[in-house]
S.K.: 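One structure, as structure tokens, below. Some questions next.
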Amino acid sequence: MKARDLKVVITGASSGIGKALALEYASSGATLCLIARRADALSQLAASMQVRCYTYAIDVTNAQALAIAAKDFMLRAGCPDSVVANAGVSAGTLTASPEDNAVFEEIMSINVMGMMLTFQPFIEAMKSRQRGVLAGIASIAGFRGLPGAAAYSASKAAAISYLESLRVELLGSGLAVVTICPGYIATSMTAKNPYRMPFLMDAASAAAKMTRAIDARKRFYVLPWQMALLGWGLRRLPRPLYDRLFRHVPHKPRRTIG
């Protein structure tokens, strides 16, 4: 299928990786369904692109709103070829601090439940065509538990396992499930990290690589390639050595929900 004929759904589309993905697909003429919480940012993004674009200002943890948006988009534009569950949040958390409980819950809800709820309303329509890609944006942070980022690491590890389960469930249906694990991408989210970020990629370059992986229906894709090698090594470090090496690494900044 030619890129200009593609219909693509992207969550978390108002900024960061999601916005970069939208711009990358728009450059090929794809029809877009953009979902994010900030209506103003979505409207500005849609107005900047010369493609058919449908925007929905909703939270990905709202199953009913997602189902309504999916139905509306499919009535107006047709069944999507790719659904990219990108919406995610990140913050430092400490288990010993009860004030972090709400942040922990929010991260798990958006990064894991939000991914599942994004895919859910599209699966039957895509299965009926026996064609399509469900792509989830996980993270290399899901390979090992990072101190001070328990919620984020746990959510991304859960996303990786969830996507693998879904991939096997859908074998033979014509649908592909793609797990994408970025390293550090230059976005407003990573800009808050108070530590060196090796192999930092700009969002546009990352989006171009991700769209190629999605279009190629890769089962598992880590970027950049240097982080793929680092991730391979991290997963194989003996636990006592991992503990010693990562015990004193800087933590992600914490925040509260008020």
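Being a predicted model, the structure only gives us computed values, none of them experimental. Along the sequence shown, residues carry numbers from 1.
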S.K.: I'd like to know if the side chain of Ser153 reaches the main chain of Ala141, judged simply by a donor and an acceptor atom lying under 3.5 Å from each other, with no hydrogens or angles considered.
M.R.: yes
S.K.: More than 12 heavy atoms of other residues, nucleotides or ligands under 6.0 Å from CE of Met113: yes or no?
M.R.: no
S.K.: Could you measure the distance from the CG atom of Asp59 to the CD1 atom of Ile110? Nearest 0.5 Å is fine.
M.R.: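 Output value for this atom pair is 5.5 Å.
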S.K.: Evaluate Ser155 against Asn111 for side chain to side chain donor-acceptor pair (under 3.5 Å), listing each step before the verdict.
M.R.: CA-CA 6 Å; Ser155 72; Asn111 295 3; 3.0 Å; yes
S.K.: Over all heavy atoms of both residues, which pair between Pro147 and Val249 is shortest? Give the atoms and the distance, please.
M.R.: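 Scanning both residues completely, I find the closest heavy atoms to be CG-CG2, 3.5 Å.
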S.K.: Verify the neighbour count for atom CZ of Arg247: are there more than 12 heavy atoms of other residues, nucleotides or ligands below 6.0 Å?
M.R.: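 It does not: Arg247 CZ has 12 such atoms or fewer within range.
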S.K.: For a quick test of reading the model, state the closest non-hydrogen atom pair linking Ala22 to Leu34 and the distance between them.
M.R.: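 Answer, listing the atom of Ala22 first, then Leu34: CB-CD2, 3.8 Å.
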S.K.: I want to check something: taking the side chain as every heavy atom from C-beta on, are Leu163 and Leu134 in contact at a cut-off of under 4.5 Å?
M.R.: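 Result no, sub-4.5 Å side-chain heavy-atom pair not found.
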S.K.: Can Cys79 and Phe122 be said to form a side-chain contact (heavy atoms from CB on, under 4.5 Å), step by step?
M.R.: CA-CA 8 Å; Cys79 185; Phe122 295 105; over 6 Å; no
S.K.: Under 3.5 Å, side chain of Asn86 to main-chain N/O of Gly12, donor-acceptor pair present?
M.R.: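 Confirmed, Asn86 side chain pairs with Gly12 backbone.
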S.K.: Tell me whether Thr93 contacts the main-chain N or O of Ala151 through its side chain, where contact means a donor paired with an acceptor under 3.5 Å.
M.R.: yes
S.K.: When you group the ILVMFWY residues by side-chain heavy-atom contacts below 4.5 Å and let the links chain together, are Val60 and Ile58 in the same group?
M.R.: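 In one cluster with Ile58: Val60, yes.
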S.K.: If only side-chain N and O atoms count, and only distance matters, is there a donor-acceptor pair under 3.5 Å linking Asp72 with Tyr54?
M.R.: no
S.K.: Flag the pair Ser97 / Arg254 as yes when at least one side-chain heavy-atom distance between them is below 4.5 Å, and no otherwise.
M.R.: yes
S.K.: With rounding to the nearest 0.5 Å, note down the distance linking CD in Gln50 to OG in Ser27.
M.R.: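 Nearest 0.5 Å value for the CD-OG distance: 13.0 Å.
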S.K.: Which pair of non-hydrogen atoms, one from Ala138 and one from Ala159, has the smallest distance, and what is that distance?
M.R.: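 Scanning both residues completely, I find the closest heavy atoms to be CB-CB, 4.3 Å.
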S.K.: With rounding to the nearest 0.5 Å, note down the distance linking OH in Tyr25 to OG1 in Thr211.
M.R.: 5.5 Å
S.K.: Do Pro80 and Phe73 make a side-chain contact, defined as non-hydrogen atoms from C-beta onward lying under 4.5 Å apart?
M.R.: yes
S.K.: Membership question, hydrophobic clusters at under 4.5 Å side-chain separation (ILVMFWY): are Met49 and Ile10 in the same one?
M.R.: yes
S.K.: Kindly indicate whether the side chain of Ser14, heavy atoms from C-beta on, has any atom under 4.5 Å from the side chain of Gln44.
M.R.: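 Side-chain contact under 4.5 Å: no.
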S.K.: Given a cutoff of under 4.5 Å between side-chain heavy atoms of I, L, V, M, F, W and Y, with clusters grown through shared members, what are the other residues clustered with Val112?
M.R.: Phe104, Met108
S.K.: Side chain of Lys218, backbone of Thr179: donor and acceptor closer than 3.5 Å?
M.R.: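 Looks like no, no N/O pair under 3.5 Å.
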S.K.: Under 4.0 Å between a side-chain nitrogen and a carboxylate oxygen: does that hold for Arg129 and Asp81?
M.R.: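 A salt bridge is present here (some side-chain N lies under 4.0 Å from a carboxylate O).
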S.K.: Answer with yes or no whether the hydrophobic clustering places Phe119 together with Val168; edges join I, L, V, M, F, W, Y residues whose side-chain heavy atoms lie under 4.5 Å apart.
M.R.: no
S.K.: So if you build clusters from Ile, Leu, Val, Met, Phe, Trp, Tyr with side-chain heavy-atom gaps below 4.5 Å, do Leu245 and Phe199 land together?
M.R.: yes
S.K.: In sequence, state the C-alpha distance, the side-chain angles, and the governing distance for Glu24 and Leu21, and then conclude on side-chain contact (heavy atoms from CB on, under 4.5 Å).
M.R.: CA-CA 5 Å; Glu24 179 66 23; Leu21 286 168; 5.6 Å; no
S.K.: Pair Leu45, Ser48 - check side-chain contact (heavy atoms from CB on, under 4.5 Å), show working.
M.R.: CA-CA 5 Å; Leu45 177 59; Ser48 73; 3.9 Å; yes
S.K.: Under 4.0 Å between a Lys/Arg side-chain N and an Asp/Glu carboxylate O for Glu164 and Arg219?
M.R.: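 Here Glu164 does not pair with Arg219 in a salt bridge, since their nearest N and O are not under 4.0 Å apart.
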S.K.: Determine whether Val9 and Val84 make a side-chain contact, defined as any pair of heavy atoms from C-beta on separated by less than 4.5 Å.
M.R.: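 No, every pair of side-chain atoms sits at 4.5 Å or beyond.
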S.K.: When you measure from the side chain of Arg144 to the backbone of Leu234, do you find a donor-acceptor pair of N or O atoms at a distance under 3.5 Å?
M.R.: yes
S.K.: With no hydrogens and no angle check, is any side-chain donor or acceptor of Ser173 less than 3.5 Å from a backbone partner on Leu170?
M.R.: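 At least one qualifying donor-acceptor pair exists.
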S.K.: Determine whether Ile160 and Cys181 make a side-chain contact, defined as any pair of heavy atoms from C-beta on separated by less than 4.5 Å.
M.R.: yes
S.K.: Using side-chain contact (heavy atoms from CB on, under 4.5 Å), reason through Phe143 and Val222 one step at a time and then give a plain yes or no.
M.R.: CA-CA 11 Å; Phe143 290 3; Val222 182; 3.9 Å; yes
S.K.: Using every non-hydrogen atom in the two residues, find where Ser139 and Lys156 come nearest and quote the distance to one decimal.
M.R.: CB-CG, 3.6 Å
S.K.: Out of curiosity, Arg38 CZ to Thr55 OG1, how far, rounded to the nearest 0.5 Å?
M.R.: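 The distance works out to 13.5 Å.
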S.K.: Can Asp202 and Ser205 be counted as having a side-chain donor-acceptor contact under 3.5 angstrom?
M.R.: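 Checked: Asp202/Ser205 side chains pair up, N/O donor to acceptor below 3.5 Å.
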S.K.: Report yes or no: does Ser161 contribute a side-chain atom to a donor-acceptor pair with the main-chain N or O of Ala158 at less than 3.5 Å?
M.R.: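 No: the side chain of Ser161 does not pair with the backbone of Ala158.
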S.K.: Nearest 0.5 Å please: distance from the CD1 atom of Ile185 over to the NZ atom of Lys209.
M.R.: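 One gets 10.0 Å once the value is rounded to the nearest 0.5 Å.
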S.K.: With a 4.5 Å limit on heavy-atom distance, are the side chains of Leu117 and Asn62 in contact?
M.R.: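 Leu117 vs Asn62: side chains apart.
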S.K.: Within the side chain of Ser109, is there an N or O that forms a donor-acceptor pair under 3.5 Å with the backbone of Glu105?
M.R.: no
S.K.: Under the side chain to side chain donor-acceptor pair (under 3.5 Å) criterion, do Arg244 and Tyr242 qualify, and how do the steps go?
M.R.: CA-CA 6 Å; Arg244 287 198 296 273; Tyr242 179 82; over 6 Å; no
S.K.: State, to 0.1 Å, how close Val51 and Gly29 come at their nearest heavy-atom pair, and which atoms those are.
M.R.: CG1-CA, 3.8 Å
S.K.: Nearest 0.5 angstrom please: Leu171 CG to Leu166 CG, how far?
M.R.: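 If I round to the nearest 0.5 Å, the distance is 10.0 Å.
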S.K.: Linking Ile, Leu, Val, Met, Phe, Trp and Tyr by side-chain heavy atoms under 4.5 Å, what else ends up with Leu229?
M.R.: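 Taking Ile, Leu, Val, Met, Phe, Trp and Tyr as members, Leu229 shares its hydrophobic cluster with Trp225.
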S.K.: Could you tell me if the side chain of Pro182 sits less than 4.5 Å from the side chain of Ile137, heavy atoms only?
M.R.: yes
S.K.: Any side-chain to backbone donor/acceptor pair from Thr187 onto Ile17? Under 3.5 Å, distance only.
M.R.: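 No, the answer is negative, given that no donor and acceptor are paired below the 3.5 Å cut-off.
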S.K.: Over all heavy atoms of both residues, which pair between Met74 and Ala125 is shortest? Give the atoms and the distance, please.
M.R.: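 Met74 and Ala125 have their closest heavy atoms at SD-CB, 3.7 Å.
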S.K.: Is Met115 linked to Tyr152 within one hydrophobic cluster, defined over Ile, Leu, Val, Met, Phe, Trp and Tyr using a side-chain heavy-atom separation of less than 4.5 Å?
M.R.: no
